[in-house]
Amino acid sequence: MPDPVMSVEMLPHITNKILAHYDANARLLPWRSPPGTPAPDPYRVWLSEIMLQQTTVAAVKAYFDYFTQRWPTVAALAAAEDADVMAAWAGLGYYARARNLLACARVVAQDFGGHFPSDEAGLRALPGIGPYTAAAIAAIAFGRAAPVMDGNVERVIARLYAIATPLPAAKPQLYQHVAALTPQHRPGDFAQAMMDLGATICTPRAPLCGLCPIADACQGRLAAESFPVKAPKLAKPHRQGRAWWIEADGAVFLIRRPEKGLLGGMRALPSCDWQGAEGAPPLEGAWHRLGDVDHVFTHFRLTLGVDGLRLRDRPQMALLGEWWPIDRLAEAGLPTLFNKAAKAAQKGMRMT
DNA sequence: CAGCCGTGGAA
DNA sequence: TTTCCAAGGCT
């Protein structure tokens, strides 16, 4: 005799409870249309989903507003300068997303007449769109019954069925449950309902089970915080590095980092590689120690020492780079690490 | 598959 | 201060 809570007959009941809760409690977000209303512009759905990858709603809002105002259509974005898009993305992190965003926009504009593919497979083939994002766009923008599984959904399902298998090995099992719950009608609302549920009630810590519309069906409720089970994480190594602030005639020397790798494609101060040996500064001269900045990346922590050099006038530098007016440095689109370094450098230079 | 890839807010 | 981690994708 199967557990009645697990019976197939319960699945529509759970789905309907989740949708009804969404109808009454949906978060109003700039890229979202209210429950039951026509789907939003696929361009806005796509842009928001890319920005939201591993990024909080609060952090995305201002970037989404700026991008949609400056580039209202996928064709407009496709026609943008690379440097403008990278600078506009500065501070949001995971900069490969910005490079893939442009590549994707150009494929859609040039090869698909400005129309996004409407099914998972077609979306999945575009740069920057993986399994989650393809399903989310198909469901939210095109009404396809694609099972959508992000971190929120993984947590909700792992608790609902008390899945003991650790992530990421449990993903196929979790996905099967999501697929079984995803309705043919309103799949987009269902996906967003599940993510809202995970973000506002079925939270990683201190979940609000008393407010949950499916608490009665939840097999993990008594130990909700123990799900999903995850493999333990490794400690982050601490690296040291050095960056060089070269100032001349009210401008600072900036480079552009290689397209691939850490902070790829972004403007930056010249620096060593932060691996081991410090390396030589790009110029000989009377360098000053200006200060240290600390920064945490995904897989290591960095203490970056900043050295400064003030020159009478701009030298003929053999290195590739550009001189950027210091009073307009905010427009350079430096990633956060180098914004910290620039701030420390300017403070240090004032005291030399 | 596992490592790489940012950032800032919350507890 | 430390830890966790948020609408993942790429290699």
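It should be emphasised that the depicted structure is a prediction, and the values quoted were computed from it without experimental measurement. Sequence lines set the chain letters: A, B, ... in the order given, protein chains first and strands last, and positions in each chain run from 1.
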Checklist entry - How far does CE of A:Met195 sit from CG of A:Leu197, to the nearest 0.5 angstrom? => result 11.5 Å
Checklist entry - Heavy-atom contacts under 4.0 Å between residues 147-156 of chain A and DNA chain C, which residues? => result A:Asp150, A:Gly151, A:Asn152, A:Arg155
Checklist entry - Would the A:Trp89 and A:Tyr63 ring centres measure less than 6.0 Å apart? => result no
Item to check | Validation row, ring centre A:Trp245 to ring centre A:Phe253 under 6.0 Å | outcome: no
What nucleic acid atoms does [X] come within less than 4.0 Å of, heavy atoms only: base, sugar-phosphate, or nothing?
X        : value
A:Ile137 : nothing
A:Thr133 : sugar-phosphate
A:Arg301 : nothing

Next on the checklist: Tell me which residues in residues 206-215 of chain A lie within less than 4.0 Å of DNA chain B, going by non-hydrogen atoms.
Outcome noted: none
Checklist entry - What string of B, S and - do you get for nucleotides 4-11 of chain B, 5' to 3', when a contact is any protein heavy atom under 4.0 Å? => result SBBBS---
Item to check | Atom C1', compared across C:dA7 and B:dG3: separation rounded to whole Å | outcome: 22 Å
Next on the checklist: Between C:dT11 and B:dG6, how far apart are the two P atoms, rounded to whole Å?
Outcome noted: 14 Å
Checklist entry - Should the pair A:Phe300 and A:Phe297 be assigned to parallel (<30°), tilted (30 to 60°) or perpendicular (>60°) ring geometry? => result tilted
Next on the checklist: Parallel, tilted or perpendicular: which one describes the rings of A:Trp46 and A:Phe116, with boundaries at 30° and 60°?
Outcome noted: tilted
Item to check | Non-neighbouring partners of A:Arg350 that pass salt bridge (charged side-chain N to carboxylate O under 4.0 Å, His left out), sequence neighbours left out | outcome: none
Item to check | Contacts of type salt bridge (charged side-chain N to carboxylate O under 4.0 Å, His left out), residue A:Lys171, not counting sequence neighbours | outcome: A:Glu154
Looking only at non-hydrogen atoms, find the nearest pair between [X] and [Y] and report the distance.
X        : Y        : answer
A:Phe227 : A:Arg155 : O-CG, 4.2 Å
A:Ala98  : A:Val85  : O-CG1, 4.4 Å
A:Pro187 : A:Gly143 : CG-O, 3.4 Å

Checklist entry - Taking NZ, NE, NH1 and NH2 as the nitrogens, is one of them in A:Asp84 or A:Arg70 under 4.0 Å from a carboxylate oxygen of the other? => result yes
Item to check | Residues A:Asp294 and A:Arg301 bridged, charged N to O under 4.0 Å | outcome: no
Next on the checklist: Taking any atom closer than 4.0 angstrom to a non-hydrogen atom of chain A, what span of DNA chain C does the protein reach, first nucleotide to last?
Outcome noted: C:dC5 to C:dT11
Item to check | A:Leu160 and A:Leu181, any side-chain heavy atoms less than 4.5 Å apart | outcome: yes
Checklist outcome for this item: Whichever of A:Lys230 and A:Lys260 has the more 5' nearest nucleotide on DNA chain C, that residue is A:Lys230
